Amino acid sequence: MPPNGPAPDPYRIWLSEVMLQQTTVAAVKAYFLRFTTIWPTVQALAAAPDAQVMGEWAGLGYYARARNLLACARAVADLGGFPETRAGLSALPGIGPYTSAAIAAIAFDRPETVVDGNVERVVSRLFAVQTPLPRAKPELVALAETLTPRQRPGDYAQAMMDLGATICTPRRPVCALCPVNAHCDARAQGIAADLPLKTPKAPKPLRQGTVWLARQGASLLLEHRPPKGLLGGTLAFPSAGWDGRDLPPPGPARWREIGQVRHVFTHFTLDLTVQIGDLTGNPTRGELVRLRQIDRDALPGLMRKVWDMAQPQLRG
């Protein structure tokens, strides 16, 4: 922000930082604009029904963030506003070390050190850190703290993140354009593109499960998933076997398999077998919803894949 300009809105900073966790700016932009249009203040978001917020979040993934978002908004509303210190912010639901530092620095001009993946990369190259990630994280935070200024720390934090996002990029960093290239040990040693080193990741395990598309006339069975856990609180087709729940089909029907969808989660890959059938009795869980009333965009990404794959069958 310009010197002596208006202070940034902590609500918008907090919301953007939560949305950007494990997600790209391109994916977040439309969600951020929609959220701030529907709920322009933290008080408005705090008063929103859970189901509406989860529906607007659908497709952005990592649904625990949406649950924490609501819990945090309500805690902030009860407090009368966001705490201005990192310690106060860290006490709120869903706010960890990075987010608390970012809000404190950017919104409240506190000299906190903000370290995301971009900053880790910049610091690892500036100091030519040879310790691989994630083991290098404490070392990189300590080094980053030596650089954080007491004046305009929020502007500095954003500049460091932008530097990593646009110039000090993971592959082929543009060292010739870097404003701090004269101070970069990795560039001097010719190893900038090799850093940060990373410990090889173990292959993701494969899980399998079943999802049921239970029809009754022009209606389809949907349920709200448990509030905690994978896809927590979202609207979904009944499923089991992949999420720790060993459940039977959601009602009597002559089930038939119509294919599989694959979905990659953070820690595992899922192959979900899709079964479809016409109910011959009352469903044992969920609620029947008219097909024309089902909003594809209100479904999480996994269930959108199921919906898309099943369209020829549902139209038949």
Side-chain angles (χ1 to χ4, degrees), residues 22-23 27 31 49-70 203-316:
Q22 299 175 292
T23 313
Y31 285 88
D50 290 33
Q52 184 185 10
V53 175
M54 296 303 295
E56 292 296 335
W57 189 277
L60 197 53
Y62 304 100
Y63 291 91
R65 292 181 300 164
R67 298 193 296 274
N68 285 331
L69 191 80
L70 265 174
K204 291 184 179 183
L206 176 65
R207 294 189 192 179
Q208 295 180 322
T210 303
V211 61
W212 293 280
L213 295 173
R215 297 185 300 193
Q216 189 174 86
S219 297
L220 198 62
L221 194 65
L222 288 168
E223 66 177 3
H224 278 98
R225 290 186 55 79
K228 294 184 179 179
L230 292 162
L231 308 184
T234 62
L235 193 64
F237 305 113
S239 66
W242 62 278
D243 54 359
R245 300 188 306 160
D246 187 14
L247 299 173
R254 185 172 294 173
W255 299 106
R256 60 187 178 89
E257 181 179 332
I258 60 171
Q260 272 191 345
V261 296
R262 171 163 286 198
H263 193 76
V264 180
F265 288 89
T266 306
H267 301 298
F268 67 93
T269 298
L270 170 64
D271 281 345
L272 197 61
T273 298
V274 183
Q275 301 256 4
I276 194 168
D278 293 304
L279 290 169
T280 57
N282 293 328
T284 56
R285 64 184 195 267
E287 179 181 355
L288 287 163
V289 179
R290 303 284 288 182
L291 278 166
R292 66 172 180 269
Q293 294 177 334
I294 296 175
D295 181 3
R296 177 188 179 277
D297 292 338
L299 301 173
L302 169 61
M303 296 300 161
R304 290 184 190 182
K305 292 180 180 179
V306 174
W307 172 261
D308 291 344
M309 193 207 75
Q311 281 308 296
Q313 307 290 332
L314 295 174
R315 289 195 296 265

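One is the number of the first residue; the rest follow in order along the sequence. Owing to the predicted nature of the structure, the values given are computational and were not obtained by experimental measurement.
For residues 277-299, there are no ring-ring contact (aromatic ring centres under 6.0 Å, His included) pairs, not counting sequence neighbours. Judged as a side chain to side chain donor-acceptor pair (under 3.5 Å), the pairs with a partner in residues 227-242 (not counting sequence neighbours) are, in order, S239-W242. Sorted by first and then second residue, the salt bridge (Lys or Arg N to Asp or Glu O under 4.0 Å) pairs involving residues 256-270 (not counting sequence neighbours) are R262-D271. Listed by first and then second residue, the ring-ring contact (aromatic ring centres under 6.0 Å, His included) pairs involving residues 216-240 amount to none (not counting sequence neighbours). Annotation: ring-ring contact (aromatic ring centres under 6.0 Å, His included) contacts involving residues 271-309, sequence neighbours excluded, are absent.
Listed by chain and residue number, nothing satisfies the side-chain contact (heavy atoms from CB on, under 4.5 Å) test with D246 (two or more places apart in sequence, or in another chain). The side-chain contact (heavy atoms from CB on, under 4.5 Å) check on R254 picks up nothing, with sequence neighbours excluded. Take A240 and apply the side-chain contact (heavy atoms from CB on, under 4.5 Å) test, not counting sequence neighbours, and it matches W212, L247. In this structure, the salt bridge (Lys or Arg N to Asp or Glu O under 4.0 Å) partners of R225, at least two apart in sequence or on a different chain, are D243. Contacts of A298 classified as side-chain contact (heavy atoms from CB on, under 4.5 Å), with partners at least two apart in sequence or in another chain: D295.
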Side-chain donor/acceptor pairs under 3.5 Å, residues 53-61, sequence neighbours excluded:
| from | atom 1 | to | atom 2 | distance (Å) |
| --- | --- | --- | --- | --- |
| E56 | OE1 | R34 | NE | 2.5 |
| W57 | NE1 | G61 | O | 2.9 |

For residues 278-286, run the donor-acceptor check on the side chains, cut-off 3.5 Å, and write out each pair with its distance to 0.1 Å, sequence neighbours left out.
| from | atom 1 | to | atom 2 | distance (Å) |
| --- | --- | --- | --- | --- |
| D278 | OD1 | R215 | NE | 3.1 |
| D278 | OD2 | R215 | NH2 | 3.4 |
| T280 | OG1 | P252 | O | 3.2 |
| T284 | OG1 | P250 | O | 3.0 |
| R285 | NE | E223 | OE1 | 3.0 |
| R285 | NH1 | P248 | O | 3.1 |

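Screening V274, L222, L221 against L213 for a side chain to side chain contact (heavy atoms under 4.5 Å, CB included) leaves a single residue, V274.
Counting only heavy atoms from C-beta outward, the side chains of M303 and L235 never approach each other to under 4.5 Å. A heavy-atom distance below 4.5 Å is found between the side chains of R304 and D297.
Ring-plane geometry between F265 and F268 is classed as parallel, the angle between the planes falling under 30 degrees on a 0 to 90 degree scale with a further cut at 60.
Shown here for W255 and A214, the closest heavy-atom pair between the two residues is CH2-CB, 3.6 Å.
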